[in-house]
There are 2 protein chains.
Amino acid sequence: METINAVAALSALAQDNRLEIFRLLVQAGPGGMAAGQVAEKLGLAPNTLTFHFDRLRFAGLVTVRRDGRSMIYAARFEAMNDLVSFLTENCCQGAQECAPVAVCKPKGAPHEAVSRARRRR
Amino acid sequence: METINAVAALSALAQDNRLEIFRLLVQAGPGGMAAGQVAEKLGLAPNTLTFHFDRLRFAGLVTVRRDGRSMIYAARFEAMNDLVSFLTENCCQGAQECAPVAVCKPKGAPHEAVSRARRRR
DNA sequence: ATGACGTTTCTATATTCGTTGAAGTATGGA
DNA sequence: TCCATACTTCAACGAATATAGAAACGTCAT
């Protein structure tokens, strides 16, 4: 992972609403969660939520797919693990007791989703 | 860890210079590094560096101690691990394959230091 | 005491960020 | 087709952030 990507991910998570959104998605697992459910759980206006989802998505931390009228957002666990690895890289000059470990490897893969691929406008 | 602390830590790391500073300290290990060395390695103005160190320190991510004319900064590995735990909490509804692990436990404890204790002004 | 060095504090400024309100765009049902 | 639902886009505003220059502070050697 490059510094610039790590900063993007950290910036995306460095905001209370977004952090809660992301943690909600992490807890939801690879299946994800509808935007509306998140809005209800956190009491956020829909446009505000879109703003935050966009930042998370742009940082590569979440994916989206449409399901009927709902948008289903899901955490990208790979990105989360990469971020942790980046932070702890070469910890303590590579001392054995500091070898970092991947933190989360869910079994079920998420549905094919939009992620950062098809950028609009 | 509370959300507010996690946001503070993430905000502190969500800036390229600070992220590099912190990674440098993580790689240096519990012994830490003089501010001057960091300034030289990253090519930052001394006042700018102080500004960033303050943010890291305020977020509980680093400690300082004085050594002669130099200030020695060191990463707080406990805070780093707490942050990772917080992010991955209840990952995938507690599925076994997602149980988070502590990422870095250096042996040598850092010197007693200033940390966030004695706030000036 | 004097001066050099390493670091911090103060002040100012341009930029970025989070939230809101209003309007717009897909999707599904009657 | 018409309407409700579920989100997204746009425009605007106050608040917070990163950096720079100048000055001050604490420590050490002489």
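Throughout, protein chains are lettered first and strands after them, A, B, ... in sequence-line order, and every chain is numbered starting at 1.
Between A/Y73 and D/dT8 there is a side-chain polar atom (N or O) within less than 4.0 angstrom of OP1 or OP2. Not one side-chain nitrogen or oxygen of A/T48 sits closer than 4.0 Å to the OP1 or OP2 atom of C/dT19.
Where A/G68 and A/R18 each meet DNA chain C at their nearest nucleotide, the meeting point lying more 5' is that of A/R18. In this structure, A/Q37 and B/H52 both approach DNA chain D, and ranking their closest nucleotides by distance from the 5' end singles out A/Q37.
Rounded to whole Å, atom P of C/dC5 lies 19 Å from atom CG of B/L49. Straight-line distance from the CG atom of A/N47 to the P atom of C/dA22: 11 Å, rounded to whole Å. The CE-C1' distance, from B/M33 to C/dT7, rounds to 16 Å in whole Å. Across the protein-nucleic acid pair, B/R66 atom CZ and D/dG26 atom P stand 9 Å apart, rounded to whole Å. When the P atom of C/dG6 is taken as reference, atom CD of B/E40 falls 10 Å away, rounded to whole Å. Rounded to an integer number of Å, the gap from A/I21 CD1 to C/dG18 P is 11 Å. As a whole-Å value, the separation of A/D67 CG from C/dT27 C1' is 11 Å. Regarding A/Q15, its CD atom lies at a distance of 13 Å from the P atom of D/dA16, rounded to whole Å.
Using a 4.5 Å heavy-atom threshold, the side chains of B/F22 and B/L61 count as touching. Side chains of B/Q27 and B/R23 form a contact here, defined as non-hydrogen atoms less than 4.5 Å apart. No side-chain heavy atom of B/D82 sits less than 4.5 Å from a side-chain heavy atom of B/N5. The closest side-chain heavy-atom distance from A/F53 to A/V38 is below 4.5 Å.
B/F53 comes within 4.0 angstrom of nothing in the nucleic acid, heavy atoms only. Heavy atoms of A/S70 sit under 4.0 angstrom from primed sugar atoms or phosphate atoms, though from no base atom. Contacts of A/T50 with the nucleic acid, taken as non-hydrogen atoms under 4.0 Å apart, include base atoms.
Residue-to-nucleotide contacts include no donor-acceptor pair under 3.5 Å from the side chain of A/N17 to the base of C/dG18.
A/E89 CD: more than 12 foreign heavy atoms inside a 6.0 Å radius.
Taking every side-chain heavy atom of A/R69 into account, D/dA4 is the closest of D/dA20, D/dA4, C/dG18.
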